[in-house]
Every structure is written in C-alpha cells, then in structure tokens.
2 protein chains.
Amino acid sequence: MLKQETLSKNQQIVLDYIEKVNEPIKAYSILHNVQKKGIKAPLQVYRALDKLVEIGKIHKIESRNAFVACKNSNCQISKATAFSICESCEEVSEISDSKLSKYLKNFQDKAGMKFNKYNLEFFGLCKKCSVK
Amino acid sequence: MLKQETLSKNQQIVLDYIEKVNEPIKAYSILHNVQKKGIKAPLQVYRALDKLVEIGKIHKIESRNAFVACKNSNCQISKATAFSICESCEEVSEISDSKLSKYLKNFQDKAGMKFNKYNLEFFGLCKKCSVK
DNA sequence: TAACATTATGTAATAATATAACATTACTTA
DNA sequence: TAAGTAATGTTATATTATTACATAATGTTA
Ligand SMILES: [Zn+2]
Ligand SMILES: [Zn+2]
Ligand SMILES: [Zn+2]
Ligand SMILES: [Zn+2]
C-alpha cells in the first residue's frame, strides 16, 4: 500500500501551523495556537504529530522535545535525520548531506545489529552567535 | 581547573545505581530505587543526573528519556556519543568506533556552523530480536 | 582563620510533556 | 452493505522536568 496522499483534518491543521512557524515548536505550543481551528486536547495534537512524523512531513528534535517541518521536500529520509542545533539561540537546521547520510546508512556496528533508522543531532554555535 | 575527582554524596548514590542496573533507566525509576539511601525528591535525582552527564559518567538517551552509564572507561567523548537501540527489546549499547567519531567530529555542515558536540542514535533490531 | 564564592542539599510546589481508556465517527474496500 | 481500518472527541491521568527558596558544605584567597 502506498503512503497516504491526503492528510486528515487535524493532521493538516497541525502541519500547516508547523510549516508556518518554520522553526522547532513544542506540542503544547501547537495546541495553544490551533485551538481556534477546533483542536481542543493534547491528544489530538499528539496523534497528528505521530502521523506526521511517521510519514516524514515533520521530524522530532529529540533533545528539545520539539517538532519541525521537513525541509527535504517531503523527506524520503525520515528514517535518516540529522540536525544542527545552536545552543545559544536554539536555531535548528536540518542537515541534508548525501555523503553523511550514505556513510551513516552503511554504518555497521560491531554487534552486527541491522539498523533501519538513525537520528543525529549536532550542537554548537551558529554563525550569528559565534561572533557575539 | 581540572574536572572534579570526587563525587558528592547524591551524585555517587545515583551513579552507583545506574552502574549497577547496567541498562538505560529513567529518572523516576532511579528515584524509587535510591529512596532507601535517603534521596527523597525528583530534584535531587535530576541534579545528580545533570552533573553526571556533564562530567561524562553517564549519558542521556534522548529518544528514551533514559540514562545509562558510560562504557568507554570514563568517557572522554561525552561530547560525542553514539548508541544503538533495539526497537523491540529496547536494549541500548554505546557505540565506540573511532572511525565514526572521527568522521562526525570533522563533519562540516554547509552553513559553516562550528560543532562542539553531537549525539547519534541508531535504531533497529538487535541480533536476538531479528531472529524471532 | 575570616571572608567570600561556589557547589551541593533539602523541600514543596508546580510546570511541561505525553499516554490510557473509552465512545464515536469517517473512510476504505471487498 | 458489511467489515475493517483510521481518525476523532473527551476526560482523566501518568510521566518527565523545573521553579523557587532556604540552608549547608566545600573550596579559595587574603
Ligand atoms: Zn527531513
Ligand atoms: Zn545561534
Ligand atoms: Zn560514553
Ligand atoms: Zn532486541
């Protein structure tokens, strides 16, 4: 079965908002901002988030408990995500680097475990913050 | 100034427990298990965890909100962590691979951001779980 | 040793993040 | 249309983490 083409109502509302803000945003902040659209409870947000993560429209920044829209034009690589995070201003960018993703997809650990997914978060200072 | 050599009472209690269980463990589970040692409140645990993470004795598994003792004999690389996580049995291993860490330490993103830390989590099925 | 700064502790309250449980509705497709 | 799957609505609750404030222990320096 192919991936679904159309999002449900709540999924679309949540995605629209995440895409609009264009930076990592937390679940309860989403909730507060979509209440005017009729979404009333945390679970409605979390269910939409789960689905959107699953189909690669958004990603979760695990170290921040925040969600961000995928920038890789409907991420074919939702199972292979990498981000850079500025520890000063909290700016987050999705890294799109085919050499990096190739290297990590092919990485074999010593225990012989078969990976089907990874998430990588780099931390540092963005250009703006490093000159301050 | 050199890193502190000796841990405080609460830090030692929490570290001892994490090292004993030898698998990722959550903050409130730690709390329940060290109450007989006199630690009564979540904050006492979280403060010890913060410090232990900072000095590299333990690491946080971000995707699981759990903490695990460092296996790299007092991790000189607490700022460069990689784990494999079995999505079936939740077994977690710290990956110690100098080629990988060298590759990631030297990775330069297109925005020219200077990284001083990274965390990488691989997901898949461990050997035991993949034969089931 | 006295003064000061830093680190750690104790305690209570509360904030922030996420899920369980259950009833209902909409969508798909055979 | 009947059955199966996915999504929704709602309430309550579980889990994870921090704020705020008072105190004590430790380390540093004069
Ligand atoms: Zn993406
Ligand atoms: Zn910045
Ligand atoms: Zn380590
Ligand atoms: Zn396993």
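A note on names: the letters A, B, ... follow the listed sequences, proteins ahead of strands, and every chain is numbered from 1.
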query: Whole Å only: how far is the CD atom of B/Q11 from the C1' atom of C/dT9?
result: 11 Å

- prompt: Short question: side chain of B/K110, backbone of A/D97 - any donor-acceptor pair under 3.5 Å?
  reply: no

field: Separation of atom CG in B/N10 from atom C1' in D/dA25, rounded to whole Å
entry: 12 Å

message: Measuring to OP1 and OP2 of C/dA26, would you say a side-chain N or O of A/S8 lies under 4.0 angstrom away?
response: no

task: Evaluate the criterion side chain to side chain contact (heavy atoms under 4.5 Å, CB included) for residue pair B/K40 and B/L31; output intermediate values, then yes/no.
output: CA-CA 7 Å; B/K40 290 173 184 159; B/L31 174 60; over 6 Å; no

- request: Measure from the side-chain N and O atoms of A/E121 to the backbone N and O of A/E62, and report whether any donor-acceptor pair falls under 3.5 Å.
  value: yes

- request: Find the distance A/I61:CD1 to C/dT17:C1' and express it as a whole number of Å.
  value: 16 Å

- prompt: Whole-Å distance between D/dT8 P and A/Q12 CD?
  reply: 11 Å

- request: Check the distance between D/dT10's C1' and A/Q35's CD and give it to me in whole angstrom.
  value: 14 Å

query: OP1 or OP2 of D/dA7 sitting under 4.0 Å from any side-chain N/O of A/K9?
result: no

- prompt: According to a strict under-4.0 Å criterion, is A/Q44 in side-chain N/O contact with OP1 or OP2 of D/dT8?
  reply: no

message: Could you tell me how far apart A/L7 (CG) and C/dC27 (P) are, to the nearest whole angstrom?
response: 14 Å

message: Return the pairing partner of D/dT29 with a 3.5 Å limit on both distances, Watson-Crick or G-U wobble; otherwise return none.
response: C/dA2

- request: Indicate the ring-plane relationship of A/F122 and B/F107, choosing parallel, tilted or perpendicular according to the 30° and 60° boundaries.
  value: parallel

- prompt: Counting N and O atoms only, with roles assigned by atom type, does the side chain of B/K37 sit under 3.5 Å from a partner on the main chain of B/N10, one being a donor and the other an acceptor?
  reply: no

- prompt: Which atoms form the tightest heavy-atom contact between A/Q11 and A/A48, and what is the distance?
  reply: CA-CB, 3.9 Å

For B/E90, salt bridge (charged side-chain N to carboxylate O under 4.0 Å, His left out) partners two or more places apart: B/R64

message: Just the rounded figure in Å: distance from P of D/dT8 to CD1 of A/I13.
response: 8 Å

message: How would you summarise protein contacts on nucleotides 15-22 of chain D per nucleotide, using B for base, S for sugar-phosphate only and - for none, with heavy-atom distances below 4.0 Å?
response: -BBBBB--

message: In whole Å, I'd like the distance from the NZ atom of A/K51 to the C1' atom of D/dT8.
response: 14 Å

